[in-house]
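Quick note: residue numbers are just sequence positions, from 1.
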Amino acid sequence: MKKNKTVNVLFLAQAAMIAAIYVVLTLVFAPFSYGEVQVRISEALTILPVFTPAAVPGLFVGCIISNILGGCIVPDIIFGSIATLIGAVGTYLLRNQNRFLAPLPPIIANALIVPFVLRYGYQVPLPIPFMMLTVGVGEIISCEVLGMVVYTALKKYRAVIFKTA
């Protein structure tokens with residue numbers, strides 16, 4: 001029973017830390033984190049489900065908090081956060097595949113969902129396919145490029161940082 005409690009506490013602590021880091025990165029880089037052309041640096045953390053399942057709720061909660069504190073409208077808070085959740089779950093499911101495939105779910109989820117929020121929530125007059133391109137490019141920079149930097153940095157220390165008790 002004691003080991004089970006330790007695992008639960010560790011899971012919650014990891015999720016909370018990931019959420020906090022996501023929020024800080026999003027708000028510190030706010031000028032790039034919001035809008036029709038965005039490179040949300042915090043999305044690099046969507047690679048973390050490769051290392052720990054605690055990253056899935058951590059990223060979701062971090063995105064919700066970031067969108068609330070960033071002054072986003074309710075549809076953006078809901079659907080933008082769901083896009084991050086879908087991406088995090090997809091990354092977790094691809095954790096044992098080629099490392100370059102792991103960032104694809106958040107890239108695809110955000111490129112497909114966020115443009116509709118921008119168009120119908122914020123009334124951005126740009127065509128949805130164009131916004132899919134701009135959001136997708138921003139996600140490629142965040143998730144694939146910066147995410148691989150995070151992956152490379154953490155891979156060596158995986159057993160120490162993400163131990164499960």
Pi-cation contact, Tyr92 with Arg95 (under 6.0 Å, within 45°):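 Yes, Arg95 and Tyr92 form such a contact.
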
Ser81: which residues meet the side chain to side chain contact (heavy atoms under 4.5 Å, CB included) condition with it, sequence neighbours left out?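 Partners of Ser81 by the side chain to side chain contact (heavy atoms under 4.5 Å, CB included) criterion, ordered by chain and then number, come out as Phe60, Cys63, Ile64, Asn67.
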
Note, [X] side chain near [Y] side chain (heavy atom, < 4.5 Å):
X	Y	result
Pro103	Met148	yes
Pro115	Tyr120	no
Val28	Leu25	no
Ile21	Ser42	no
Glu139	Asn110	yes

Hits for ring-ring contact (aromatic ring centres under 6.0 Å, His included) against Tyr151, two or more places apart or cross-chain, chain-then-number order -> Phe51

Does [X] belong to the same Ile/Leu/Val/Met/Phe/Trp/Tyr cluster as [Y], with side-chain heavy atoms less than 4.5 Å apart forming each link?
X	Y	value
Ile107	Leu146	no
Phe79	Ile128	yes
Met17	Val9	no

Any donor-acceptor pair under 3.5 Å linking the side chain of Thr91 with the backbone of Ile47?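 Not at all, since once roles are kept as given, no pair shorter than 3.5 Å links the two residues.
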
Heavy-atom pair of closest approach, residues Tyr22 and Thr26: O-OG1, 2.8 Å

For the residue pair Phe32 and Phe29, categorise the inter-ring angle as parallel (less than 30°), tilted (30 to 60°) or perpendicular (more than 60°).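 Geometry flag for Phe29 against Phe32: tilted rings.
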
With Leu48 as reference, evaluate Thr46, Val50, Leu45 under the side chain to side chain contact (heavy atoms under 4.5 Å, CB included) test and give the passing residue. Leu45

Hydrophobic cluster of Tyr34, others only, ordered by chain and residue number, side-chain cut-off 4.5 Å: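 Besides Tyr34, the hydrophobic cluster comprises Val23, Leu27, Val61, Ile65, Leu69, listed by chain and residue number.
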
